[in-house]
Enquirer: 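Next up is a structure, given as structure tokens.
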Amino acid sequence: MVTELIILVMAVSLLLYTLLGGADFGAGIIELFVGDQAKDTIFRAIAPVWEANHIWLIIALVILFNGFPEAYAIFSNALHIPILLVLMGIIARGAAFTFRHYDAVQEAGSQRIYTQIFRWSSVFTVFMLGMLIAGLFAGTIPVGEPADFKAYFLDSWFHGFGASVGLFLTVLSAYIAAIFLLGEVETENGYSILQIFVRKLFIASVASGGVIFLASWVQGLTFHGLFFRNPISMGAAFMATLLAPYMFRLITDRKIWRMRIVAGAQVVLILLGWLVIQWPALVRFADGSSLTIYEASAPLATMQILLGALVFGVCTIFPALYYLFRVFKSDIRLNEE
Amino acid sequence: MEELLAARLQMAFSLGWHIIFACIGMAMPFFMAYAEWKWLKTKDEIYLDLAKAWSKGVAIFFAVGAVSGTLLSFELGLLWPEFMKHAGPIFGMPFSLEGTAFFIEAIALGVFLYGWNKIPPRAHWISGLVVGISGVMSGIFVVAANAWMNSPAGFDFVNGEYLNIDPVAAMFNDAWLTQALHMTFAAFASTGFAVAGVHACMLLRGHQIRFHQEALKIALIFGAIAALAMPITGDLAAKDVAKRQPAKLAAMEAHYHTEERASLIIGGVPDDETETVKYAIRIPGALSFLAHGNFNAEVIGLDQIPDDEQPPVAVTHFAFQIMIGFGSLMMMIGLLYFFMRWRKWDYIHKKWWLWMIALATPFGFIALEAGWTVTEVGRQPWIIYGVLRTEDALTPMPGIQYSLLLVFLVYTFLTVTVIWLMRRQIRVLHQKYASQ
């Protein structure tokens, strides 16, 4: 019971990271396509919340090493390289974003450098995050001690399937960001531009989602088989897709908060579809075996204290987060309902 | 360069770099809250300007501190997975609490930096205070985790197994209070002196404006009080180390031979071959007194520590001497400052005094890094004192030399950029004042 509850909190943490951190990364990606005209809107949207948004990743990590130490050790070993690359991306991105705004001298040369680093590290980081997550459930980590460098530290994550998940996550982040930014943009023109982007990104999401299954099939992995055979996963995927027409309607009608909730629902469904076939495995190995949450979990005393700390955390953090969003997100630019 | 050394250097470098920004993040919100409070009370615009100018610099330091902290939280597992596999379930509690504290801090920071015109002045001031308090709390929690490494508690180590885990006992280990006290004051001492020093430099350059004077005073009051607390908290910590980690004490004091009425060694060069300290000043009985409160007490020397459990003496001893040296200078500057305030001297216009403060700018951070070197190198060869050796915790991944190089390059680039940005911020600030 305790184990399941902790996994639930970790799943929620990852979900919130996908939504909020993803929106953050996505904003950088959107900027890459829309260009300098989006800079101010994006800054106003992200600046007060980006540091808080990314802490969900830390929370998920702490739960992992506290509650599921064996999984954490495998994660840190087999996926050492993509983790390091993601971290470099996070550092570059956070620094570039902050420097761009807080440089007391706003001149073309340095601004251009900050901007390029911010945009490209946004793409890079979320893509690598996708490859990293894919490494855990693709079934490409060799079981047992690391024997061969290439097999253990490279082939475990550096493959087509990983890249396809990376691509999907990148597109999804941009999609989430576009929807959130619709509520922040100040001009009709900006709204129209983003509206077109949302449509394109939706199609791209579906397409890249399909590529994941294709990559799984080409590489002979179990993912596509497990997904197609599971009615909940298939149902969730369909529902997420079918919400699209409703989403487009909400965008046309300028229902800012409803479109955000629907976007959130779509992400929840996608994650649900993935988690359902993943459960209860934390890591899938190349020989078909897996490490389940029960096998990897820490002793009961640790789990109980962890759950207590998480409950305390949730009770403290959510009200504070609510306040943050109230202060910064309650004045919507264009006409709300 | 072999893997273990590369991993040690990478960890040391990441920690040493991050801690500077973490200290600034812990202390500066209180400086800003003080300035904002003075503005709310006196309606003197200079205090509002100061709070806002400081927050522009702090935003940069916070962002860099946050991302470097993210690296560290993963690095524990990347470099020392065997350690984390066993330690994770035991000392996870302070980390979960730290995560909560961070979250509150990041939220409050967002409100503080961007909410000037969005919320009532009182609420804004409170948000600044919350940033500081949660920052200090998260610092205390993470130090408690480090304290556990020095003073393992909350488990039974039986035949290589970690049994009967008690996370609460682990967090409230014997060393956590003294370490937390010493580190918290260190953050204020180092940041206070650094900020005061920067403003003293500005005053020396002829920018004799009230802005810098008030800034210096606020920073220095925090720095001076903390600098006076440091010897006290340091003494508490050292007495604890003398009891629990005699090897660390012996190394930091370069105390080779167990003896009663042990001498305190000041300066000198330790020689492991001959087990002597050349060119040192010795104060008989002083080490026994400091370590155990009794001039005749026995202080365990390195001769009682097995060879393969001895920390590197030279590094630990030099670092300790550096920390004490700079810490003492700061304490004296602090005492002088309070004396001058009491006698109502016009210190703020005295060039020699400004020069002293300006020169002391890096003292706190030098002492800070030296102190961390003492405690981390002094704990070697253990990663969990008496339980797990650092070399047994190392990652199996080869090529750590490359990740060391990568981290080094990225952080060097960031350091240069941050310094460059600070200079630009100060330049623009002066242009603004010059035109008024």
Enquirer: Pick one of side chain, backbone, both or neither for B:I119, based on which atoms fall under 4.5 Å of a heavy atom in chain A.
Expert: side chain
Enquirer: Parallel, tilted or perpendicular: which one describes the rings of B:F408 and B:F13, with boundaries at 30° and 60°?
Expert: tilted
Enquirer: Do you know which of B:Y162, B:W176, B:W148, B:F155 makes ring pair (Phe, Tyr, Trp, His ring centres under 6.0 Å) with B:F91?
Expert: B:W148
Enquirer: Counting neighbours of CG on B:D392 that are heavy atoms of other residues, nucleotides or ligands and sit closer than 6.0 Å, is the number greater than 12?
Expert: yes
Enquirer: Which atoms of B:S127 are under 4.5 Å from chain A, going by heavy atoms: the side chain, the backbone, both sets, or neither?
Expert: neither
Enquirer: With a 4.5 angstrom heavy-atom cut-off, is it the side chain or the backbone of A:S110 that approaches chain B, or both, or neither?
Expert: side chain
Enquirer: Surrounding OH of A:Y102 (heavy atoms of other residues, nucleotides or ligands, distance under 6.0 Å), is the total greater than 12?
Expert: yes
Enquirer: Could you pull out the closest heavy-atom pair between A:E70 and A:E295, with the gap in Å?
Expert: OE1-O, 4.2 Å
Enquirer: Inspect the surroundings of CZ in B:F413 and state if more than 12 heavy atoms from other residues, nucleotides or ligands are less than 6.0 Å away.
Expert: no
Enquirer: Give the minimum heavy-atom separation between B:P89 and A:P69, together with the two atoms involved.
Expert: CG-CG, 3.4 Å
Enquirer: A:L61 versus chain B, heavy atoms under 4.5 Å apart: side chain, backbone, both or neither?
Expert: side chain
Enquirer: Parallel, tilted or perpendicular, judged at 30° and 60°: which one describes the rings of B:W116 and B:H124?
Expert: tilted
Enquirer: Could you tell me which portion of B:P167 (side chain, backbone, both or neither) has an atom closer than 4.5 angstrom to a non-hydrogen atom of chain A?
Expert: side chain
Enquirer: Using non-hydrogen atoms only, which part of B:F61 is less than 4.5 Å away from chain A: side chain, backbone, both, or neither?
Expert: neither
Enquirer: Given a strict heavy-atom distance threshold of 4.5 Å, which part of B:A123 is in contact with chain A: side chain, backbone, both, or neither?
Expert: side chain
Enquirer: Quick check for you: among A:V62, A:I90, A:I59, A:V105, which has the greatest number of heavy-atom pairs under 4.5 Å with chain B?
Expert: A:V105
Enquirer: Does A:F318, at its CZ atom, have more than 12 non-hydrogen atoms belonging to other residues, nucleotides or ligands within less than 6.0 Å?
Expert: yes
Enquirer: Which region of A:F68, side chain (C-beta onward) or backbone (N, CA, C, O), has a non-hydrogen atom less than 4.5 Å from a non-hydrogen atom of chain B, or is it both or neither?
Expert: neither
Enquirer: Does a side-chain heavy-atom distance below 4.5 Å link A:F25 with A:R93?
Expert: yes
Enquirer: With under 30° as parallel and over 60° as perpendicular, where do the rings of B:F74 and A:F75 fit, or are they tilted in between?
Expert: tilted
Enquirer: With a 4.5 angstrom heavy-atom cut-off, is it the side chain or the backbone of A:Y72 that approaches chain B, or both, or neither?
Expert: side chain
Enquirer: Which atoms of B:F62 come close to chain A, meaning under 4.5 Å heavy atom to heavy atom: side chain ones, backbone ones, both, or neither?
Expert: both
Enquirer: Heavy-atom cut-off 4.5 Å, strictly under: side chain, backbone, both or neither for B:I400 against chain A?
Expert: side chain
Enquirer: Using non-hydrogen atoms and a 4.5 Å limit, figure out which bit of B:V111 sits close to chain A: side chain, backbone, both or neither.
Expert: both
Enquirer: CZ of A:F158: more than 12 outside heavy atoms within 6.0 angstrom?
Expert: no
Enquirer: More than 12 heavy atoms of other residues, nucleotides or ligands under 6.0 Å from NZ of A:K39: is that the case?
Expert: yes
Enquirer: Is it the backbone or the side chain of A:L306 that comes under 4.5 Å from a heavy atom of chain B, or both, or neither?
Expert: side chain
Enquirer: Hey, which of A:E107, A:M303, A:Q304 has the most heavy atom pairs under 4.5 Å with chain B?
Expert: A:E107
Enquirer: Mind ranking A:A47, A:A320, A:A92, A:A71 by heavy-atom pairs under 4.5 Å with chain B and telling me who comes out on top?
Expert: A:A47
Enquirer: How about residues 97-104 of chain B versus chain A: which residues have heavy atoms under 4.5 Å apart?
Expert: B:L97, B:G99, B:T100, B:F102, B:F103, B:I104
Enquirer: Among A:N66, A:V86, A:I81, A:T316, which residue forms the greatest number of heavy-atom pairs with chain B at distances under 4.5 Å?
Expert: A:N66
Enquirer: Could you look at A:I305 and say if it's the side chain, the backbone, both or neither that has a heavy atom under 4.5 Å from chain B?
Expert: side chain
Enquirer: Is it true that A:R100 and A:E31 have a side-chain N and a carboxylate O under 4.0 angstrom from each other?
Expert: yes
Enquirer: Can you tell which of A:S76, A:G94, A:P146 has the highest number of heavy-atom pairs within less than 4.5 Å of chain B?
Expert: A:S76
Enquirer: Taking OH in A:Y294 as the centre, count heavy atoms belonging to other residues, nucleotides or ligands within less than 6.0 Å. Is the count above 12?
Expert: yes
Enquirer: Would you mind checking which part of A:Y152 comes under 4.5 Å of any heavy atom in chain B, side chain (CB onward), backbone (N, CA, C, O), both or neither?
Expert: neither
Enquirer: Picking from B:L109, B:V64, B:T70, B:L79, which has the most non-hydrogen pairs under 4.5 angstrom with chain A?
Expert: B:T70
Enquirer: Would you mind telling me which of A:L84, A:N77, A:I58 has the largest number of heavy-atom pairs within less than 4.5 Å of chain B?
Expert: A:N77
Enquirer: Report yes if some heavy atom in the side chain of B:Q401 is under 4.5 Å from a heavy atom in the side chain of B:E3; otherwise report no.
Expert: yes
Enquirer: How long is the gap from CG on B:L421 to CG on A:D103, to the nearest 0.5 Å?
Expert: 5.0 Å
